[in-house]
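First comes the structure, then the notes that go with it.
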Amino acid sequence: MVARRKVAVVGVALSDCGRVDDATPYALHAQAARRALADAGLDRSLVDGFASAGLGTLAPVEVAEYLGLRPTWVDSTSVGGSTWEVMAAHAADAIAAGHARAVLLVYGSTARADVRAGRRTGTLSFGTRGPMQFEVPYGLTLIAKYAMAARRHMIEYGTTIEQLAEVAVQARANAALNPEAMFRTPVTVDEVLSGPMIADPFTKLHCCVRSDGGAAVLLVAEEYVRDCRTSPVWVLGSGESVSHAAMSAWPDFTVSPAAVSGRLAFERAGVRPAEIEVAEIYDAFTYMTLVTLEDLGFCGKGEGGAFVGKGRLRVEGGELPVNTDGGGLSAQHPGMRGLFLLVEAVRQLRGECGQRQVRRADGSPPRLAVASGTGGWFCSSGTVVLGVG
């Protein structure tokens with residue numbers, strides 16, 4: 001049997017993000033890709049694997065063509081916000097098995113600019129085919145689905161709306177340390193609760209921002225690490241899982257598919273949740289952060305409300321800094337945000353985050369991080385454990 005190669009992330013980057021009115025999604029893909037390659041110090045000729053989703057009729061063919069790439073390994077898995085953690089897992093497996101030497105993951109979206117410009121694609125729904133045809137006529141929007149799940153958790157475990165609001169407050173506190181975050185002004189629990197109602201129990205600040213932006217991540221086989229200008233961040237383990245499409249097929253609104261993907265990722269990485277020093281978690285809504293923390297094993301089921309209190313998620317003084325860039329609630333959220341989680345996790349492990357840098361007691365950067373993406377309405381999950389040294 002051929003030995004499996006180790007796989008490292010050696011290049012990460014964001015495109016211009018936030019309010020970007022003068023770029024196409026293709027341009028944001030290209031900007032992020034160029035920056036990630038420059039970050040790694042590698043030429044694009046090394047890239048023989050490519051993964052992309054969410055743009056074009058034949059993704060990733062169209063995006064690869066736009067970038068001038070002719071890959072011999074491709075992935076177009078599309079499972080919503082968890083797409084990029086799932087793709088990273090697939091890419092790591094392909095590299096480890098010798099099917100590719102360097103895989104580039106790229107995403108870009110002008111979600112905000114499309115709405116502002118009145119483009120028809122700006123507010124398209126997920127559609128009414130398949131299982132969704134039985135739910136859409138009753139007004140069960142994506143936001144309403146998350147709101148229903150949050151309310152179920154509140155009923156089952158006594159989770160309070162104030163505890164959910166704490167997630168937004170601490171995300172904004174982290175965003176205040178990030179000069180590239182879209183919203184940086186601190187907020188209070190009262191301000192979160194007094195905002196306009198979007199879908200009960202979610203007010204506006206319980207929901208993610210809508211932004212433009214792109215991201216890119218470059219993974220390579222271990223023999224190419226020595227050619228890079230950056231220190232490697234190793235892919236230690238990953239897991240993926242799908243749960244449901246129709247809400248009626250979801251066995252338990254208080255358990256996300258991260259309960260499976262997280263367990264697999266930690267087992268394969270050979271680490272325990274308690275060893276993780278920074279967590280990047282998909283947060284389109286405050287409840288996502290809370291229930292994912294439970295399902296990844298950072299606290300017991302039903303204990304998420306108490307866990308997110310006392311500033312635990314903050315960069316400054318938090319026991320488990322979560323969404324250190326401000327997350328989708330405050331930094332940026334251009335759609336399928338999972339790739340941004342990987343970028344931030346890698347930057348934290350490399351000690352490149354400036355004022356928002358998480359540090360150990362001795363002042364050094366963290367050595368273990370987890371990125372966990374969620375897709376649809378808790379339909380899918382991908383979790384990746386990363387480490388240095």
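Positions are given from 1 along the sequence.
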Yes or no on salt bridge (Lys or Arg N to Asp or Glu O under 4.0 Å) for D93 and R4, after CA distance, side-chain angles and deciding distance? CA-CA 9 Å; D93 286 343; R4 290 173 63 85; 3.4 Å; yes
Electrostatic pair R101:E223 at N-O distance under 4.0 angstrom: no
So which atom in M336 and which in A53 form the shortest heavy-atom distance, rounded to 0.1 Å? CE-O, 3.6 Å
May I ask you to decide if the ring planes of H29 and Y107 are parallel, tilted or perpendicular, using 30° and 60° as cut-offs? perpendicular
Salt bridge check: are D39 and R350 linked by an N-O gap of less than 4.0 Å? yes
For V106 and W84, the nearest pair of non-hydrogen atoms, with its separation, is O-CH2, 3.0 Å
Does a donor on one side chain and an acceptor on the other come within less than 3.5 Å for E280 and T324? yes
Say whether H333 and S211, considering side chains only, have a donor N or O and an acceptor N or O under 3.5 Å apart. no
Before giving the answer on side-chain contact (heavy atoms from CB on, under 4.5 Å), spell out for L342 and E85 the whole-Å C-alpha distance, their side-chain angles and the decisive distance to 0.1 Å. CA-CA 8 Å; L342 292 168; E85 282 69 35; 3.6 Å; yes
Would you call F266 and I276 a side-chain contact if the rule is heavy atoms closer than 4.5 Å? yes
Using every non-hydrogen atom in the two residues, find where A245 and C379 come nearest and quote the distance to one decimal. CA-SG, 4.5 Å
Applying a strict under-4.5 Å side-chain criterion to I, L, V, M, F, W and Y, I'd like to know whether V12 and F50 cluster together. no
If hydrophobic residues (ILVMFWY) are linked whenever their side-chain heavy atoms come closer than 4.5 Å, directly or via other members, who joins V20 in its cluster? L28
Would you say V385 and V278 are hydrophobically clustered, going by side-chain heavy atoms of ILVMFWY under 4.5 Å? no
Set of residues satisfying ring-ring contact (aromatic ring centres under 6.0 Å, His included) with respect to Y287, sequence neighbours excluded: H153, F378
Among V220, L218, V103, whose side-chain contact (heavy atoms from CB on, under 4.5 Å) with V47 holds? L218
Is it possible for you to say whether M148 and I198 belong to one hydrophobic cluster, with membership spreading through side-chain heavy-atom contacts below 4.5 Å? yes
Can you tell me if T188 and D190 form a side-chain donor-acceptor pair at under 3.5 Å? no
Do V63 and L339 sit in one hydrophobic cluster, given that two such residues count as connected whenever their side-chain heavy atoms are within less than 4.5 Å of each other, even indirectly? no
For the student: nearest non-hydrogen atoms of L296 and A258, plus distance: CD2-O, 3.9 Å
Single-linkage hydrophobic cluster, 4.5 Å side-chain cutoff, L142 and W250 together: yes
Can a salt bridge be assigned to the pair R347 and E344 using a cut-off of 4.0 Å between side-chain N and carboxylate O? no
Between the side chains of T374 and S381, is a donor N or O closer than 3.5 angstrom to an acceptor N or O? no
Closest contact, heavy atoms only, A32 versus A216: O-CB, 3.4 Å
Using the rule side-chain contact (heavy atoms from CB on, under 4.5 Å), only one of L290, V260, V255 pairs with D295; which is it? V255
Between the CG atom in D16 and the CG atom in D212, the distance rounded to the nearest 0.5 Å is 10.0 Å
R19 vs M182 side-chain heavy atoms within contact, under 4.5 Å: yes
Is the ring pair Y66/Y26 parallel, tilted or perpendicular, if the boundaries are 30 and 60 degrees? tilted
Would you give the length of the straight line joining atom CD of E277 to atom OG of S364, rounded to the nearest 0.5 angstrom? 7.5 Å
E303 side chain to G300 backbone, donor-acceptor under 3.5 Å: yes
How close do I95 and L219 get, heavy atom to heavy atom, and via which atoms? CD1-O, 3.5 Å
With distance as the sole test, does E294 use its side chain to make a donor-acceptor pair with the main-chain N or O of K301 at under 3.5 Å? no
The single option from F285, F202, W377 that satisfies ring pair (Phe, Tyr, Trp, His ring centres under 6.0 Å) with Y146 is F285
Side chains of S261 and T383 only: does a donor on one sit below 3.5 Å from an acceptor on the other? yes
Assess the residue pair K145 and E135 against the criterion (side-chain contact (heavy atoms from CB on, under 4.5 Å)); give the C-alpha distance rounded to whole Å, side-chain angles, the decisive distance to 0.1 Å, and a yes or no. CA-CA 10 Å; K145 293 175 181 181; E135 298 181 346; 3.3 Å; yes
Enumerate donor-acceptor pairs with a distance under 3.5 Å from any side-chain N or O in residues 169-180 to protein atoms, sequence neighbours excluded.
from : atom 1 : to   : atom 2 : distance (Å)
Q170 : OE1    : R312 : N      : 3.3
Q170 : OE1    : L313 : N      : 2.8
Q170 : NE2    : E166 : OE1    : 3.0
Q170 : NE2    : V308 : O      : 2.5
R172 : NE     : S330 : OG     : 2.8
R172 : NH1    : T185 : O      : 2.7
N174 : OD1    : V315 : N      : 2.8
N174 : ND2    : L313 : O      : 3.2
N174 : ND2    : V322 : O      : 3.0
N174 : ND2    : N323 : O      : 3.4
N178 : OD1    : E180 : N      : 3.0
N178 : OD1    : R356 : NH1    : 3.3
N178 : ND2    : D325 : O      : 3.0

